[in-house]
Amino acid sequence: MTTTAPRPSAPGRADASVANDRGRTRFAQAAGIVAQREIMVQLRSKAFIISTLITLALVFGAVLLSSIGPELFDEDTEVATTAEIAPTLEALDGLAVVPADDADAVREAVRDGSADAGVIAGDGPSGLVVVGDREADGGLIQLLSVTPEVELLDPNAPDPMLTYFIGLAFGLVFFMSAMTFGQTIAQSVVEEKQSRIVEIMLATVPARAILAGKVIGNSVLAFGQIALIAAVTLIGGALTGSQLLLDGLGMPIVWFVVLFTVGFIMLAALYAAAAALVSRAEDLGSATSPLIFLVMIPYFLVIVFNNNPLALQIMSYVPFSAPVAVPMRVYLQTTEWWEPYLSLGVLALSTVLAIAIASRIYERSLLKTGSMVKWRDALKR
Amino acid sequence: MLSIRSISRSFKGHQALEDVSFDVRDGLMTGFVGANGAGKTTAMRIILGVLSPDSGEVLVDGRPVTADDRAQFGYMPEERGLYPKMKVHEQLVYLGRLHGVSSARAAARADELLEQLGLTERRDDKLESLSLGNQQRAQIAAALVHEPTALVLDEPFSGLDPMAVETTLGVLRDVARTGAPVLFSSHQLDLVERLCDSLVILAHGQVRAAGTREQIRAAHTRPEWLLETDDAGFVRGIPGIEVIDFDGGHVRFAADSDAHADRVLREALERGTVRSFAPSIRPLTEIFQEVVR
């Protein structure tokens with residue numbers, strides 16, 4: 001074979017043989033080029049940048065609110081009262097005394113809303129009567145009552161309300177990111193199929209390299225977004241000095257990022273395979289609906305079962321719900337140290353399996369046009 | 001040289017290609033003609049490895065084609081497609097890189113092609129904003145950006161105006177001149193006849209004729225001549241000659257050999273003035289219609 005230096009001015013090669021020493025792009029290199037394009041397309045998309053910034057701002061806002069919010073709304077209760085009782089009330093924290101001439105004036109103040117509640121003299125053992133509009137102010141009654149002594153058995157146990165919200169947050173972030181990037185990869189697959197550029201690509205690089213590039217590119221983006229959200233949460237927590245975030249949520253967030261990344265690779269591969277089954281963007285919905293269902297399950301289950309250790313334990317070994325269930329369990333401290341690793345192992349194994357199935361479907365369906373290819377047909381020999 | 005050897009392929013009982021063999025020689029433009037559904041696209045997809053044949057093989061310089069060879073081919077599929085929302089130059093570079101060309105080289109080559117195809121001004125426009133004709137040119141650039149060692153183009157001229165046909169043709173000829181085999185399909189027979197050094201005629205999944213224009217003509221027609229003289233009636237009496245068309249001083253005849261035709265000319269000269277004597281060239285369209293029947 002003769003090789004001549006390529007002439008820059010001449011179109012085409014200078015040597016006369018069809019074969020030459022410039023081999024095919026290596027698998028990893030081809031996947032890298034595809035991944036790079038996937039990432040560039042997203043990073044240049046205004047919609048993507050804006051939605052990411054909005055998400056980050058919302059997360060940051062939520063973190064700030066969670067720490068300073070309660071103080072913001074924690075106003076003193078305005079209590080109307082007569083001159084004789086006023087000194088007693090002024091000695092108590094959290095009350096603002098609104099002076100009134102007599103008992104009727106106190107009632108009037110409560111009725112017209114200029115005071116939250118009122119206190120007048122009465123015949124009872126305490127000598128006081130609390131006046132309320134429809135309901136007596138609980139806090140006020142508590143302040144004026146003799147409270148029994150309290151013995152807490154587990155003062156550090158997670159607040160169930162907080163647990164619920166943390167579960168909701170993990171579920172929501174997982175659900176949203178998986179949906180967003182899953183749809184992105186699906187759209188990019190169908191765009192290539194619909195525009196038929198895939199035929200040119202397949203003549204050049206193996207289908208698996210294209211799939212790998214897409215999965216890697218979108219996983220990098222998803223990981224980046226999740227890592228940013230995690231970073232914003234932790235930084236926000238540190239800025240506001242929220243002990244809860246720093247002590248209790250640090251590890252769960254780390255586990256969430258790790259498991260989400262692996263889990264997303266699995267979802268991305270499946271989304272790509274689903275999209276390869278159809279030829280037109282309009283058919284994407286029906287092809288990806290089983291996946292959307294799988295992504296929504298952990299989201300709903302964690303809301304329902306965030307306080308049920310057994311359900312969470314089962315969910316932590318189910319690949320689709322593990323990224324949400326494991327951080328919850330770590331937060332609730334209901335795991336043995338090795339359990340998150342086992343969950344990670346199970347998830348990694350399912351991911352490998354999913355990639356194998358997905359690349360098979362992807363390879364077989366990529367050039368099939370017309371009506372949607374059935375999952376079963378795509379897997380058959 | 002690209003060689004297609006005994007390739008057969010069927011789809012769900014329909015035989016798309018049946019024992020198809022032909023060569024695409026280095027440095028030549030080979031036209032691939034046939035009616036719709038004759039199997040051209042299937043054959044091209046098989047050459048590119050996008051589709052696998054049921055039997056038969058594709059050879060490059062006499063040995064079986066490899067994925068490495070194919071990665072160096074330039075391909076323009078029948079159903080056009082590039083990324084609609086990607087800038088023209090950018091996607092050319094992307095495709096070049098997928099073919100293993102460095103970014104810098106691909107960028108330079110893309111600019112060169114856009115210049116040749118008259119698309120320089122649209123370099124940084126999104127593909128979808130280009131007119132269909134310009135999108136088609138971009139598609140041609142996409143097939144050429146990696147300096148292919150062989151070109152396979154499915155209907156490269158469909159949808160192009162006459163000016164664009166000429167520019168495209170120039171670019172393709174340049175590629176052929178570098179020694180690469182060029183195969184393109186078309187059903188514009190007049191175009192193929194004018195452009196191609198060699199052609200392959202496909203009908204119902206079978207090769208009906210292949211070779212250079214002259215070879216195909218020779219194989220599918222008896223040589224014919226046209227004579228114009230005062231009175232051509234004498235031609236009927238000459239042995240080895242068959243008169244096809246006669247009108248006073250004008251005759252079209254087929255002869256068994258050049259020598260027989262020469263006798264007609266000599267006799268005509270003796271009898272009077274010969275206004276014209278020439279081989280009658282049948283247009284390929286006629287032959288085409290005959291062979292695909």
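Atom set for the values below is all heavy atoms of this structure, side chains included, hydrogens, waters and symmetry mates excluded. So that the names make sense, note that chain A is the first sequence line, chain B the second, and so on, each numbered from 1.
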**OP:** For B:Arg25, look at atom CZ and say whether over 12 heavy atoms of other residues, nucleotides or ligands are found less than 6.0 Å away.
**Re:** no
Subject >> Which atoms of A:Val34 approach chain B - backbone, side chain, both or neither, heavy atom under 4.5 Å >> reply: both
Original post:
Of all heavy-atom pairs between B:Leu98 and A:Met201, which one has the smallest distance, and what is that distance?
Top reply: CD1-CE, 3.9 Å
Original post:
To the nearest 0.5 Å, how far apart are OG1 in A:Thr204 and OH in B:Tyr75?
Top reply: 10.5 Å
Original post:
Distance only, no hydrogens: is a donor on one side chain within 3.5 Å (strictly under) of an acceptor on the other, for A:Gln36 and B:Tyr94?
Top reply: no
Original post:
Between B:Glu78 and A:Arg196, is a salt bridge (charged side-chain N to carboxylate O under 4.0 Å, His left out) present by the stated rule, with each step listed?
Top reply: CA-CA 9 Å; B:Glu78 180 196 31; A:Arg196 310 294 296 162; over 6 Å; no
**OP:** Side chain from CB out, backbone as N, CA, C, O: work out which of these in B:Met76 comes under 4.5 Å of a heavy atom of chain A, or both, or neither.
**Re:** neither
Original post:
Does CD belonging to B:Glu121 count more than 12 external heavy atoms closer than 6.0 Å?
Top reply: no
Original post:
For A:Ile200 and B:Gly81, which heavy atoms make the closest approach, and how far apart are they?
Top reply: CD1-O, 3.9 Å
Original post:
Measuring heavy-atom distances to chain A, does B:Leu51 have an atom under 4.5 Å in its side chain, in its backbone, in both, or in neither?
Top reply: neither
Original post:
Who wins among A:Ala30, A:Gly32, A:Ser195 for the most heavy-atom pairs under 4.5 Å with chain B?
Top reply: A:Ser195
Subject >> Min side-chain heavy-atom separation A:Met40-B:Glu90 under 4.5 Å >> reply: no
Original post:
Between A:Glu191 and B:Lys85, does at least one N-O distance fall below 4.0 Å, as a salt bridge requires?
Top reply: no
Subject >> Contact check, side chains of B:Leu95 and A:Ile197, non-hydrogen atoms, under 4.5 Å >> reply: yes
Original post:
What residue, out of B:Arg97, B:Gln139, B:Arg70, has the most heavy-atom pairs lying under 4.5 Å from chain A?
Top reply: B:Arg97
Original post:
Is it true that the side chains of A:Arg37 and B:Gln91 contain a donor and an acceptor less than 3.5 Å apart?
Top reply: no
Subject >> Interatomic distance, A:Glu192 atom CD to B:Leu82 atom CG [nearest 0.5 angstrom] >> reply: 11.5 Å
